[in-house]
J.: 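Let me begin by handing over the structure; questions about it come next.
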Amino acid sequence: MTPLRLHDTLTGEKVAFEPRPGSDRITLYVCGPTVYNYAHIGNARPVVVFDVLFRLLRRLYPDRDVVYARNITDVDDKINAAALEQGVDISVVTDKYAEIYNRDMAALGALAPTHQPRATAHMGEMVTLIGRLLDDEAAYESEGEVLFDVGRYDGGSGRYGRLAKRSLDDMVAGARVEVAENKRHAADFVLWKPSKPGEPEWAGPRGLMGRPGWHIECSAMSEAVLGLPIDIHGGGHDLIFPHHTNEIAQSCAAHGAEDPRAYARYWMHNGFLDFSGEKMSKSLGNVVLVHELVETYPGEVIRWALLSGHYRSPLDWTPELLERSRKALDRLYGVMQRAGDQISDGDEAVLEALTDDLNTPKAFSALFETDGASLKAAGAVLGVLQLDPAAWFEGRADATLKAEVDRLIAERFEARQAKDWAAADRIRDRLTELNVVVMDNPTGATWRMKD
RNA sequence: GGCCUGAUGGCGGAGUGGUUACGCAGAGGACUGCAAAUCCUUGCACCCGAGUUCGAUUCUCGGUCAGGCCUCCA
């Protein structure tokens, strides 16, 4: 079997993935959503990408327990704002959108992660972690806030910005934000802060009431749920700085670790989607919600589209991409359908591509070289082509429509047998009106929904 | 301003120091009552300059252009 190679953000190179010696587990942590609204298609890219990694790890290491955690951030300013506006408890907002998120991601063929920890359920671990940082003077208290002392952590060693390939000096030089007065260093970040009136609050370190900063939750939850070190930590590449940079700093400081790998051994980051070269934004009006997309396109088409570019490259999200993806699946399901009941396995070419840093475009091209009987097996690790071909082509036709179509096709077959071409064409026109495409063959016909 | 990526045929998108993707679209053909689908054949590329090399799309340097991060962000 080809050894797995992954691009590690920490080194900036493709490296061989080595499971921890002496462990029977492989752990994967991916930063999940802040649940205050519907997820957009950009949120879905890491979900689908790391779902492929999850499947691949399970396929490659059947003797190990692959444990995948993807958190839910349910403490956040935007959540507070939404709850306040609706006059409800934050849990009303977060429960609603977490559920919708999970349903929408499932529609994209993403397996449920092993764990889905929520920040509000891990306050105790966060407070303990912050307390330890305070005790070790890695963090300090100022005006009711607890701040991480970045200057002390770095100590001129250059280890603070290593993940982002940026030194503390670079950051100061390039700083565009004004520095809060209570910070010792411009890069210091909040671990704990007071809540505003009307916002939820928790008992924090040293009796400080308030709420956690953003970064601490992932440090606390990943350790609580997976244990350190995490094997692979992933997320969108915008998280490299500051989120993941700060996770490393606080976790390493809390455990007196020099090497960032004491926190996570490999770091992976997916690139962004863009929209005809533009970033998605509310002001441009080009925000694409997964929740709406799955109403229009089969989840598998969306999944294919998301995987049709390499995960680290930008991917231009266009209607054409979706149409191309649908065609690709139509063709492959067609090959599968013609193979009939023959089933064989063999996913070597796909594995070969995926073990090279998740080369999904190459894996897709391998699918086009795969015989129909093996397609289902080959598609499994990619999470595609798992449907019965007939079910794929019938799309969301309901039972009534199916019965009608079958009746028309039977009639049409008789007309064709009788060489009554006018009648046959008339029936085909009826089917076209029903949005059905017929494909004749010597013994009858198969059909599919037009879109 | 600081830091980091990337530049491949009409389009999408892999990859490689010397022969190759793959998909879509195009052209020609086969099949077909007509279609659709399918099958066969086929054209089209590696941003610019210099260097290394017997040889560079692939390595090095410079340039140009594009994108990202530096602030919440997948």
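Lettering of chains follows the sequences in order, A, B, ..., and the numbering in each one begins at 1. All values below come from the heavy atoms of this structure, side chains included, with hydrogens, waters and symmetry mates left out.
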J.: Rounded to whole Å, please give me the gap between CG in A:L168 and P in B:G2.
T.: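 Spelled out: CG on A:L168 to P on B:G2 is 18 Å.
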J.: Using a heavy-atom cut-off of 4.0 Å across all strands, would you classify A:V438 as base, sugar-phosphate, or nothing?
T.: base
J.: Between the side chains of A:H244 and A:H269, does any donor sit under 3.5 Å from an acceptor?
T.: yes
J.: Counting the atoms with a prime plus P, OP1 and OP2 as sugar-phosphate, which does A:R162 contact under 4.0 Å by heavy atoms, base, sugar-phosphate, or nothing?
T.: nothing
J.: Does A:W214 have a side-chain nitrogen or oxygen under 4.0 Å from the phosphate oxygens OP1 or OP2 of B:C73?
T.: yes
J.: Could you check whether atom CG of A:N435 has more than 12 heavy atoms from other residues, nucleotides or ligands sitting under 6.0 Å from it?
T.: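 Check passes, neighbour count above 12.
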J.: Start with the C-alpha distance between A:H291 and A:D104, add both sets of side-chain angles, then the distance that settles side-chain hydrogen bond (donor to acceptor under 3.5 Å, both in side chains), and finish with yes or no.
T.: CA-CA 6 Å; A:H291 198 64; A:D104 289 342; 2.9 Å; yes
J.: From the set B:G13, B:A74, B:G33, return the single nucleotide nearest to any side-chain atom of A:P361.
T.: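 Of the options given, the side chain of A:P361 lies nearest B:G13.
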J.: Does B:A74 have A:F272 stacked on its base, where the ring centres are within less than 5.5 Å and the planes differ by under 30°?
T.: yes
J.: Taking atom C1' of B:G13 as reference, at what distance in whole Å does atom CZ of A:R324 sit?
T.: 8 Å
J.: Tell me, with the steps shown, if A:F364 and A:W304 meet ring-ring contact (aromatic ring centres under 6.0 Å, His included).
T.: CA-CA 9 Å; A:F364 281 174; A:W304 183 282; 3.6 Å; yes
J.: Could you measure between the two P atoms, the one in B:G9 and the one in B:C47, and give it in whole Å?
T.: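 Approximately 8 Å lies between the P atom of B:G9 and that of B:C47.
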J.: Specify the separation, in whole Å, of atom NE2 of A:H215 and atom P of B:C73.
T.: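 Whole-Å distance recorded here is 7 Å.
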J.: Which nucleotide in the set B:U38, B:A21, B:A74 lies at the smallest distance from any side-chain heavy atom of A:H40?
T.: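 Looking only at heavy atoms from C-beta outward on A:H40, the closest nucleotide is B:A74.
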J.: Looking across every strand, which nucleic acid part, if any, lies under 4.0 Å from A:H269 by heavy atom: base, sugar-phosphate, or nothing?
T.: nothing
J.: How close do A:W202 and A:T120 get, counting heavy atoms only, and between which atoms?
T.: CZ2-CG2, 3.9 Å
J.: Starting from the 5' end of RNA chain B, give me the residue, A:R166 or A:R428, whose nearest nucleotide shows up first.
T.: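 Going by which nucleotide is closer to the 5' end, it is A:R428.
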J.: Which is true for A:E320 with a 4.0 Å heavy-atom rule: it touches a base, it touches only sugar-phosphate, or it touches nothing?
T.: nothing
J.: Name the nucleic acid region contacted by A:K78, choosing base, sugar-phosphate or nothing; use a 4.0 angstrom heavy-atom cut-off, strictly under.
T.: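 The residue A:K78 makes sugar-phosphate contact but no base contact.
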J.: Let's see if you can work this out: which of B:G33, B:A25, B:C34 has an atom nearest to the side-chain heavy atoms of A:A424?
T.: B:G33
J.: Whole angstrom is fine here: how far is it from CG in A:L431 over to C1' in B:A35?
T.: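 That distance rounds to 13 Å.
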J.: Assign A:G235 to base, sugar-phosphate, or nothing according to its heavy-atom contacts below 4.0 angstrom with the strands shown.
T.: sugar-phosphate
J.: Taking only side-chain nitrogens and oxygens of A:K165, does any of them come within less than 4.0 Å of OP1 or OP2 of B:C69?
T.: no
J.: Can you tell me how far C1' of B:U38 sits from CG of A:D330, to the nearest Å?
T.: 14 Å
J.: When you check the side-chain N and O atoms of A:D429 and A:T432, is any donor under 3.5 Å from an acceptor?
T.: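 No - no donor-acceptor pair under 3.5 Å links their side chains.
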J.: Regarding A:L239, tell me which of base, sugar-phosphate or nothing describes its non-hydrogen contacts under 4.0 Å with the strands shown.
T.: sugar-phosphate
J.: Reckon A:N359 has a side-chain N or O less than 4.0 Å from the OP1 or OP2 of B:G15?
T.: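 Answer yes for this pair, as a side-chain N or O of A:N359 is under 4.0 Å from OP1 or OP2.
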J.: How close or far is atom P of B:G23 from atom CG of A:L385, stated in whole angstroms?
T.: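 Going from A:L385 (CG) to B:G23 (P), I get 15 Å.
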J.: Considering only atom P, compute the distance from B:G63 to B:U5 and round it to an integer number of Å.
T.: 16 Å
J.: Mind checking if A:D316 touches a base, just sugar-phosphate, or nothing, with heavy atoms under 4.0 Å?
T.: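 The answer is nothing, as A:D316 stays clear of every strand by at least 4.0 Å.
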J.: Atom CZ of A:F241 to atom C1' of B:U5: distance rounded to whole Å?
T.: 18 Å
J.: Between A:F364 and A:V335, just flag the one whose closest nucleotide in RNA chain B comes earlier from the 5' side.
T.: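 First, find each residue's nearest nucleotide; the 5'-ward one identifies A:F364.
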J.: With rounding to whole Å, what would you report as the distance between B:G10 and B:G43 at their C1' atoms?
T.: 12 Å
